[in-house]
Amino acid sequence: MTKIALLGAAGQIGTPLSLLCKSSDLFTEIALYDIVHVPGIATDLNHIDTKAKVTGHLPDNNGLAAALKGADIIVVTAGIARKPGMTRDDLFKTNASIIRDIFQEVAKTCPRALCCIVTNPVNSTVPVAAETLRKAGVFDPTRLFGVTTLDVVRASTFASHVDTSIDPQSIKVPVIGGHSGAPILPLYSQAQPPVHLDNDTLAQVIHRVQFGGDEIVKSKQGAGSATTCMAYAGFRFVKALLTAQAGTAVVEEAYVYLPGVPGGDALAAELGVDYFAVKVKLTENGASQAFPIGQLSENEQKLLQIAITDLRANIATGLDFMAQ
């Protein structure tokens, strides 16, 4: 019996994600929550021939609590999307309040659920969620994740765009740091199997991984940001959590509170930041280990320092919001 709660399910990420969850036949119950439309989306999805029962919940009649009750996994995509000219700091002003309010209810209703945050800016919204849970006395860092899987997906995909001999699903490029612009650091020096690109091409690919979101925002001309690819990446991370819960450990990148994850204390001290995306070992109870970032190339070491500087400001933004 596995229940997943999708919060923000009427949005441009939440709706395709709900379809992926329903079509997967991996769940017994899928609870959708949003401020509009979700009863209709649930009815629509219930016409699909998989076992999961889908329910739609609106804010009235304690809908959020009903959606969260008994949830094993929570995925939060709620919030406004980025438009052309809008920075992630602009997003934060609205989305921070949404995340705080959601996690106040999570703390009361299902504090042991595995929580996945997609809502941008992830670098700042994850600290907001963590502090909300901490204030309620239920924060477990091993069960809270900022979903950075899209950066990993882009890293292999974009490498294959410049070298057609690369199968994007057969290579693994670690991506560490954060989930916006410069803090995104794909480690092509650690790619398996190795990726061979000249320095100029590699620099272009790294930049595209870092700013791929801008590419989509511009292309959609104000109609949205990364949605279908984010739903795909989010579902990939959810499947990793399910595999781990079934007893098979999985290693995936995620943005986590390092001091609360085994192995993360030393890494936080080394980097000088508490929140960071690294490879984590997922087991039945969440993140059981944070892995060292490994050997970096000279260029990656420079990019890491830039990433850390930006991340410190992003994290402070989230913590300042909660302090106020």
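Basis for what follows: all heavy atoms, side chains included, without hydrogens, waters or symmetry-related copies. As the structure is a computational prediction, the values presented were derived from the model and not from experiment. Numbers for residues simply follow the sequence, beginning at 1.
Note on Phe211 and Ile176: separate hydrophobic clusters, where clusters join Ile, Leu, Val, Met, Phe, Trp and Tyr whose side-chain heavy atoms are under 4.5 Å apart, directly or indirectly. Side-chain heavy atoms closer than 4.5 Å link hydrophobic residues (I, L, V, M, F, W, Y) into clusters, and following such links, even through other members, never connects Tyr232 to Val217. Side-chain heavy atoms closer than 4.5 Å link hydrophobic residues (I, L, V, M, F, W, Y) into clusters, and following such links, even through other members, never connects Leu150 to Ile216. Hydrophobic clustering keeps Phe291 apart from Ile184 (ILVMFWY residues linked when any side-chain heavy atoms are closer than 4.5 Å, directly or through intermediates).
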Side-chain donor-acceptor pairs under 3.5 Å in residues 25-35, sequence neighbours left out?
{"from": "Asp25", "atom 1": "OD1", "to": "Lys51", "atom 2": "N", "distance (Å)": "3.0"}
{"from": "Thr28", "atom 1": "OG1", "to": "Thr2", "atom 2": "N", "distance (Å)": "2.9"}
{"from": "Thr28", "atom 1": "OG1", "to": "Thr2", "atom 2": "O", "distance (Å)": "3.0"}
{"from": "Asp34", "atom 1": "OD2", "to": "Ala9", "atom 2": "N", "distance (Å)": "3.3"}
{"from": "Asp34", "atom 1": "OD2", "to": "Ala10", "atom 2": "N", "distance (Å)": "2.8"}

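Here the NZ atom belonging to Lys3 is positioned 9.5 Å from the CD1 atom belonging to Ile74, to the nearest 0.5 angstrom. Interatomic distance, Glu270 CD to Asp265 CG, rounded to the nearest 0.5 Å: 12.5 Å.
Summarising the local packing, CD of Gln295 is surrounded by 12 or fewer heavy atoms from other residues, nucleotides or ligands at distances under 6.0 Å. Heavy atoms from other residues, nucleotides or ligands lying under 6.0 Å from CG of Asp167 number more than 12. The environment of Asp163 atom CG is dense: over 12 non-hydrogen atoms of other residues, nucleotides or ligands sit within 6.0 angstrom.
Within the 4.5 Å cutoff, no side-chain heavy atoms of Leu185 are placed close to those of Val175. The closest side-chain heavy-atom distance from Ser189 to Val195 is not below 4.5 Å. Taking the side chain as every heavy atom from C-beta outward, Ser297 and Tyr188 never approach each other to under 4.5 Å. Side chains of Ile293 and Val278 form a contact here, defined as non-hydrogen atoms less than 4.5 Å apart. Two residues are said to be in side-chain contact when any heavy atoms from C-beta on lie closer than 4.5 Å; Ile13 and Val118 meet this criterion. Side-chain contact check for Gln190 versus Val173: every heavy-atom pair is 4.5 Å or farther apart. Asn299 places a side-chain heavy atom less than 4.5 Å from the side chain of Leu303.
Nearest heavy-atom pair, Val128 versus Ala96, reported as atom, atom and distance to 0.1 Å: CG1-O, 3.8 Å. The two residues Ser180 and Pro183 make their nearest non-hydrogen contact at O-CD, 2.5 Å. Taking every heavy atom of both residues into account, Val261 and Pro141 meet most closely at CG2-O, 4.0 Å. The heavy-atom pair separating Ser18 from Ile41 by the smallest distance is OG-CG2, 4.3 Å. When all heavy atoms of Pro127 and Ser124 are compared, the pair lying nearest together is CD-O, 3.2 Å. Glu253 approaches Val152 most closely through the heavy-atom pair OE1-CG2, 3.6 Å.
In summary, the side chains of Thr119 and Asn95 do not present any donor paired with an acceptor at a separation below 3.5 Å, with no hydrogens or angles considered. A donor and an acceptor atom, one from each side chain of Gln169 and Ser156, are nowhere located under 3.5 Å apart. Asp151 and His179 share a side-chain donor-acceptor pair at under 3.5 Å. Inspection of the Asp320 and Thr317 side chains reveals no N or O donor paired with an N or O acceptor under 3.5 Å. Defined by atom type and a distance below 3.5 Å, a donor-acceptor pair is present between the side-chain atoms of Thr142 and Asp140. Between the side chains of Lys281 and Ser288, no donor-acceptor pair is found at a separation under 3.5 Å.
Ring centers of Phe145 and Phe237: under 6.0 Å apart, within the cut-off.
Annotation: cation-pi pair Arg208/Phe158 present, NZ/CZ under 6.0 Å from the ring centroid and within 45° of its normal.
Salt-bridge check for Lys220 with Glu215: failed, with every basic side-chain N at 4.0 Å or more from each acidic carboxylate O.
Gln289 places no side-chain N or O within donor-acceptor distance of the main-chain N or O of Val280, the cut-off being under 3.5 Å. Using a distance-only test at 3.5 Å, with no hydrogens or angles considered, no donor-acceptor pair links the side chain of Thr201 to the main chain of Leu197. For Gln210 (side chain) and Pro186 (main-chain N/O), no donor-acceptor pair under 3.5 Å exists by modelled atom type.
Relative ring orientation between Tyr275 and Tyr257 is described as tilted, the plane-to-plane angle lying within the 30° to 60° band.
The side-chain contact (heavy atoms from CB on, under 4.5 Å) test with Lys22 is passed by exactly one of Asp49, Val54, Ile4, Leu17: Val54.
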